[in-house]
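Working notes, beginning with the structure itself.
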Amino acid sequence: MPELPEVETTRRGIEKHLRGKTVSDVVVRQRQLRWPIPKSLARHLKTQTINAVERRGKYLLVQFDRGTLMIHLGMSGSLRVLGKAVPAEKHDHFDLVLNSDKCLRLRDPRRFGAILWADNWRQHDLIKDLGPEPLGNDFNADYLYAKSRKRKVAVKNFIMNSHIVVGVGNIYASEALFRAGVRPTRLAGKISKLEATTLVEVSKTVLQEAIKQGGTTLRDFTASDGKPGYFKQQLAVYGREGEPCLHCKAIIKQITIGRRASYYCPKCQI
DNA sequence: AAAGACACCTGGGAGC
DNA sequence: TGCTCCCAGGTGTCTT
């Protein structure tokens with residue numbers, strides 16, 4: 001479900017309810033997510049106070065004095081802050097119960113998400129080798145161009161690779177390549193310096209615009225307050241196969257790259 | 001080292 | 001109605 005804008009929207013939504021609160025209980029209804037929820041969690045979290053809710057790539061980081069609760073939403077995860085008396089439904093696998101009248105609840109039908117504990121999150125195996133944040137200064141034209149040299153993978157797969165840059169998923173990869181005028185099938189190693197420059201620029205703006213709109217709701221994404229994201233209305237190519245290009249009226253095509261649907265304008269994207 | 005296939009899991013929609 | 005098949009916002013792991 002969520003790419004970086006949806007995760008960031010979630011982070012902003014839950015942080016104000018969590019910061020400064022103390023954990024009174026941990027409820028696990030289904031331990032088997034992508035990895036089992038660690039049994040040590042209650043011991044780490046009970047009576048501990050939440051200092052901040054941060055984000056690295058698509059990982060949400062709930063910060064405590066002695067470590068970090070890492071949350072990944074996978075394909076179908078969502079977090080809500082609810083009254084602690086609200087009954088759990090079928091796919092509500094995990095609650096972080098607070099000393100207010102609230103709890104943070106993870107719903108994740110497909111269970112590709114994860115709830116993990118890290119004593120030192122920067123050194124965690126899933127995080128330590130990640131690429132730069134797309135909105136940060138480390139993600140720039142020099143970096144992307146250098147990294148892409150001699151790479152024989154489709155540029156779409158390349159920018160979706162979290163070891164190159166984090167947070168760009170299937171929707172925003174298609175959108176960024178459309179804005180850059182670059183066909184998703186082009187080999188990463190054949191992208192020009194100018195194209196790399198443009199691609200970095202438009203990736204940043206499309207992600208920023210999506211965050212501003214509260215993310216993209218395709219079917220079931222809702223922010224932590226239950227509201228959908230409104231960026232779907234701004235999508236220029238994703239999900240628009242057979243429809244006219246917004247720039248040139250050519251028919252948007254859909255192809256499969258690396259087993260994922262990709263969309264592009266055959267006229268605007270070279 | 002890099003690329004590609006496969007794995008995990010459930011639900012919704014299309015087609016018959 | 002109900003069955004089967006395909007697809008879905010992610011990404012680690014294994015094999016070439």
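Chain naming here is simple, since letters A, B, ... match the order of the sequence lines and numbering starts at 1 in each. Bear in mind the structure is a predicted one, so any value in this text is a computation, not a measurement.
- Counting heavy atoms of neighbouring residues, nucleotides and ligands inside a 6.0 Å radius, atom CG of N120(A) exceeds 12 of them.
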Base-pair map of DNA chain B as dot-bracket, where | denotes pairing with a different strand and pairs are Watson-Crick or G-U under 3.5 Å = .|||||||.|||||||
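- Following rounding to the nearest Å, K232(A) (NZ) and dA8(C) (P) show an atom-to-atom distance of 14 Å.
- For a distance-only test at 3.5 Å, the side chain of R34(A) qualifies as a donor-acceptor partner of the base of dT11(C).
- For R110(A) against dC9(B), a side-chain-to-base donor-acceptor contact under 3.5 Å is present.
- One interatomic measurement links the two molecules: CD1 of I127(A) to P of dG12(C), which rounds to 10 Å at whole-angstrom precision.
- Proximity of H72(A) to the phosphate of dT11(C): a side-chain N or O atom is located under 4.0 Å from OP1 or OP2.
- The interatomic distance linking Q32(A) (CD) with dC9(B) (P) rounds to 9 Å, in whole Å.
- Across all strands, Y59(A) comes closer than 4.0 Å only to sugar-phosphate atoms, never to a base (heavy-atom distances).
- Atom NE2 in H93(A) sits roughly 12 Å away from atom P in dC9(B) (whole-Å rounding).
- Of all heavy-atom pairs between E3(A) and V168(A), the closest is OE1-C, 3.9 Å.
- Residue L33(A) is out of contact with every strand shown, counting any heavy-atom pair closer than 4.0 Å.
- Both K90(A) and K152(A) lie close to DNA chain B; mapped to their nearest nucleotides by heavy-atom distance, the more 5′-ward contact belongs to K152(A).
- Contact annotation: R260(A) side-chain N/O to dG10(C) OP1/OP2 distance is under 4.0 Å.
- Computed from coordinates, the I37(A) CD1 to dC8(B) P distance equals 19 Å when rounded to whole Å.
- Counting to the nearest Å, the C1' atom of dA3(B) and the CG atom of N157(A) are 9 Å from each other.
- Under a cut-off of 6.0 angstrom, the local environment of NZ in K147(A) is sparse, with at most 12 non-hydrogen atoms contributed by other residues, nucleotides or ligands.
- Taking atom CG on L187(A) and atom P on dA3(B), their separation rounds to 9 Å, with Å as the unit.
- dC9(B) and dC3(C) have their P atoms separated by 23 Å, with the value rounded to a whole Å.
- Look at K58(A) and you'll find a side-chain N or O under 4.0 angstrom from OP1 or OP2 of dT11(C).
- Of all nucleotides listed (dG12(C), dA2(B), dG9(C)), dG12(C) comes nearest to the side chain of H163(A).
- Put simply, F112(A) rests on the base of dC8(B): the two rings are less than 5.5 Å apart at their centres and nearly parallel, under 30°.
- The neighbour count for K267(A) NZ, taken as heavy atoms of other residues, nucleotides or ligands under 6.0 Å away, does not exceed 12.
- Nearest approach of T9(A) to A223(A), heavy atoms of both residues: CG2-CB, 3.8 Å.
- Ranking dC6(B), dG11(B), dG10(C) by closeness to the R259(A) side chain, first place goes to dC6(B).
- Nucleotides dG9(C) and dA3(B) place their C1' atoms 23 Å apart, quoted to the nearest Å.
- Nearest heavy-atom pair across G83(A) and K102(A) is N-CD, 4.2 Å.
- Distance CD (E6(A)) to P (dA8(C)): 16 Å, rounded to an integer number of Å.
- Residue Y238(A) places at least one side-chain N or O closer than 4.0 Å to OP1 or OP2 of dG9(C).
- With a 6.0 Å radius and a threshold of 12 heavy atoms from other residues, nucleotides or ligands, K249(A) has its NZ atom at or below the threshold.
- The local environment of NZ in K232(A) is sparse, with at most 12 non-hydrogen atoms from other residues, nucleotides or ligands closer than 6.0 Å.
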